[in-house]
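What follows is a set of notes on a single structure, which appears directly below.
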Amino acid sequence: MESINQNIINNTTASSSEEAKHIVFEILETVSDPEVPVLSVIDLGIIRNIEIIPASSLELVPPGWEAGGKEWKVLISITPTYTGCPAIDVMKINIRMALLQHGFTDIQITQVLSPAWTTDWISEKGKEKLKAYGIAPPHYTQAVCTADSFQMEEAIQCPLCNSYHTRLVSQFGSTACKALYQCEDCKEPFDYFKCH
Amino acid sequence: MNTKSLIDYTLHLADNALILGHRNSEWCGHGPVLEQDIAISNIALDLIGQARNFYQYAAQLTGNDATEDSLAYLRDEREFKNCLLVELPNGDWGQTILRQFFFSTYQYFLYRQLQKCGDEQLSAITEKALKEVSYHVRWSSEWVIRLGDGTEESKQRMLHAVDELWSYTGEMFVAVGYELSAFSHGFGIDLSVVKNDWDEKIRSVFEEATLSIPVNAWMHTGGKEGKHTEHVGFVLAEMQFLQRAYPNSEW
């Protein structure tokens with residue numbers, strides 16, 4: 001959040017809803033996933049929609065709104081990665097905090113479940129960041145997401161030495177989104193952000 | 001359809017997920033090896049996440065200040081609508097695995113139909129959960145095969161687990177009032193299709209695990225209508241104690 005100059009970018013400086021939307025987007029890029037701090041909520045692909053409504057066009061003045069106060073109402077749709085992932089609540093709070101810090105006070109965050117989140121929504125930049133962080137990013141096409149037992153695993157590349165000579169240790173890892181692998185060449189254990 | 005049936009049906013789905021999630025969470029810190037301890041705890045988390053989504057929806061339908069918490073923590077045993085299978089004690093690892101396999105397979109085929117059902121919210125919840133349940137089915141079936149077709153000891157334990165659990169599997173496929181009402185109102189769920197798919201999956205995994213399916217077994221029922229085994233009372237006593245003793249406490 002420090003990267004954004006609060007004097008320049010905040011709610012009251014936006015002169016159009018597009019500009020306000022752009023500002024909101026930039027703020028969201030500074031809100032990270034608490035489990036995988038290198039990824040922002042934008043990288044993760046969980047922000048499904050950002051809508052900006054000029055406060056003046058609202059038929060009802062929202063509670064706490066005063067004339068001369070903030071100009072834009074922000075509506076955000078967010079989708080959870082995994083059904084039981086507790087990180088979603090933390091991310092909602094952090095999004096609200098970040099927006100508040102930049103002068104947006106009228107914020108509505110709605111959770112949507114459908115269409116269900118998929119790792120395909122993780123941005124390219126996000127995938128690069130994951131690898132640099134030591135987590136193997138999800139493959140583009142995966143054949144291992146079905147319920148059939150003992151499926152052939154696709155070769156997962158070791159994020160440390162780039163070898164494909166790796167093995168699955170456990171389908172379930174330290175968080176809901178990861179599986180545990182080990183590299184047979186450099187011997188390092190690593191997390192794989194499993195396909196979903 | 002009437003709202004009462006939809007609420008009851010949603011609670012039934014929620015209770016199944018919550019009680020099994022709670023049972024699985026009892027393994028946390030006690031799993032046979034670290035990776036599998038983590039796996040069963042992850043599955044518990046997925047199930048409790050599912051339960052939360054269903055309870056939130058049921059609370060919204062119920063109104064009257066109902067919340068996901070009030071539905072989970074302040075209903076009594078007779079109001080819980082989970083199947084008997086999920087409330088049974090964990091037994092050994094083999095029994096826990098087999099129960100997970102039976103139940104995840106049921107959830108998998110049920111959710112596959114529910115995600116296309118006429119209720120938008122149930123469809124959204126199950127579409128999402130189905131991805132996770134796929135992992136549960138895969139993981140548990142691999143374990144059933146490993147243990148069934150494993151050592152003399154593991155085989156004996158799986159045979160014992162089949163004896164213990166089989167008579168609790170029938171209930172999943174016998175629709176009670178609120179299910180019939182839900183199904184007849186555009187849900188498009190056909191339990192006989194779920195049953196056929198389930199039978200087929202169990203048969204193929206049991207065959208690979210060198211286990212045989214019991215024949216002509218008498219089946220227990222009642223859980224879906226609130227008539228439970230004694231075990232559910234103990235689960236609730238532990239789960240609900242804090243909210244009962246210190247109402248509205250938070251941390």
Side-chain angles (χ1 to χ4, degrees), chain A residues 35 45-46 48 77-92 110-121 138 142-154 167-182 189-196, chain B residues 17 21 25 31 33-54 56-57 101 104-105 107-109 111-112 115 120-146 197 201 204-205 208-209:
Chain A
E35 303 271 21
I46 60 167
R48 302 316 300 158
S77 300
I78 182 171
T79 194
T81 52
Y82 280 71
T83 305
C85 186
I88 188 82
D89 294 327
V90 180
M91 288 190 276
K92 278 189 211 161
T110 319
Q111 184 165 318
V112 291
L113 294 173
S114 179
W117 179 82
T118 155
T119 39
D120 294 344
W121 294 350
Q142 277 272 354
V144 294
C145 296
T146 67
D148 297 325
S149 48
F150 300 110
Q151 297 163 59
M152 281 294 290
E153 288 291 339
E154 284 182 55
R167 73 180 177 96
L168 173 71
V169 177
S170 174
Q171 280 173 57
F172 296 90
S174 55
T175 63
C177 56
K178 289 178 255 168
L180 193 58
Y181 274 74
Q182 185 177 17
F190 65 92
D191 278 329
Y192 168 56
F193 205 110
K194 65 191 175 193
C195 73
H196 198 62
Chain B
S25 75
V33 288
L34 183 61
E35 287 78 8
Q36 300 315 322
D37 188 305
I38 292 170
I40 196 86
S41 305
N42 261 287
I43 293 172
L45 186 65
D46 287 342
L47 287 166
I48 290 166
Q50 281 179 30
R52 284 192 62 188
N53 284 338
F54 288 129
Q56 283 164 9
Y57 183 43
F101 172 58
S104 292
T105 305
Q107 269 193 327
Y108 180 77
F109 291 116
Y111 286 5
R112 225 166 54 165
Q115 66 169 344
E120 204 179 312
Q121 189 61 14
L122 287 185
S123 155
I125 296 170
T126 48
E127 176 197 345
K128 173 133 205 74
L130 189 61
K131 291 182 168 200
E132 291 141 23
V133 172
S134 305
Y135 274 103
H136 306 167
V137 173
R138 182 180 162 201
W139 175 84
S140 56
S141 50
E142 286 176 0
W143 268 102
V144 168
I145 294 165
R146 272 200 196 97
D197 291 341
K201 177 76 179 173
S204 75
V205 169
E208 210 174 330

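Keep in mind that the numbers below use all heavy atoms, side chains included, and drop hydrogens, waters and symmetry copies. All chains are named by letter (A, B, ...) in the order of the sequence lines, taking the proteins before the strands, and each is independently numbered beginning at 1.
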- Item | Gap between atom CG of A/D148 and atom NZ of B/K201 - 0.5 Å precision | 5.0 Å
Heavy atoms only: give me the nearest [X]-[Y] pair and the separation to one decimal.
| X | Y | answer |
| --- | --- | --- |
| A/T81 | B/E132 | O-OE2, 4.5 Å |
| A/G173 | B/N42 | O-ND2, 3.0 Å |
| A/F172 | B/I38 | O-CG2, 3.9 Å |

- Look at B/S41, B/G49, B/S123 and state which one has the largest set of heavy-atom pairs under 4.5 Å with chain A. B/G49
- Query: Taking B/I145, B/L130, B/L47 one by one, which has the highest count of heavy-atom pairs under 4.5 Å against chain A?
  - Reply: B/I145
- Note on the structure: Sorted by chain and number, sequence neighbours left out, side-chain hydrogen bond (donor to acceptor under 3.5 Å, both in side chains) with A/S114 holds for B/E127
- Establish, yes or no, whether the cationic atom of B/K131 lies under 6.0 Å from the six-membered ring centre of A/Y82 and within 45° of the ring axis. no
- Which atoms of A/T79 come close to chain B, meaning under 4.5 Å heavy atom to heavy atom: side chain ones, backbone ones, both, or neither? neither
- Item | Side chain proximity check, A/Q171 to B/E35, heavy atoms < 4.5 angstrom | no
- B/Q121 portion near chain A, given a 4.5 angstrom heavy-atom threshold: side chain
- Check whether B/I48 gets within reach of chain A through its side chain, its backbone, both or neither, counting any heavy atom under 4.5 Å. neither
- Using heavy atoms and a sub-4.5 Å threshold, report which of residues 83-90 of chain A line up against chain B, by residue number. A/T83, A/G84, A/P86, A/D89
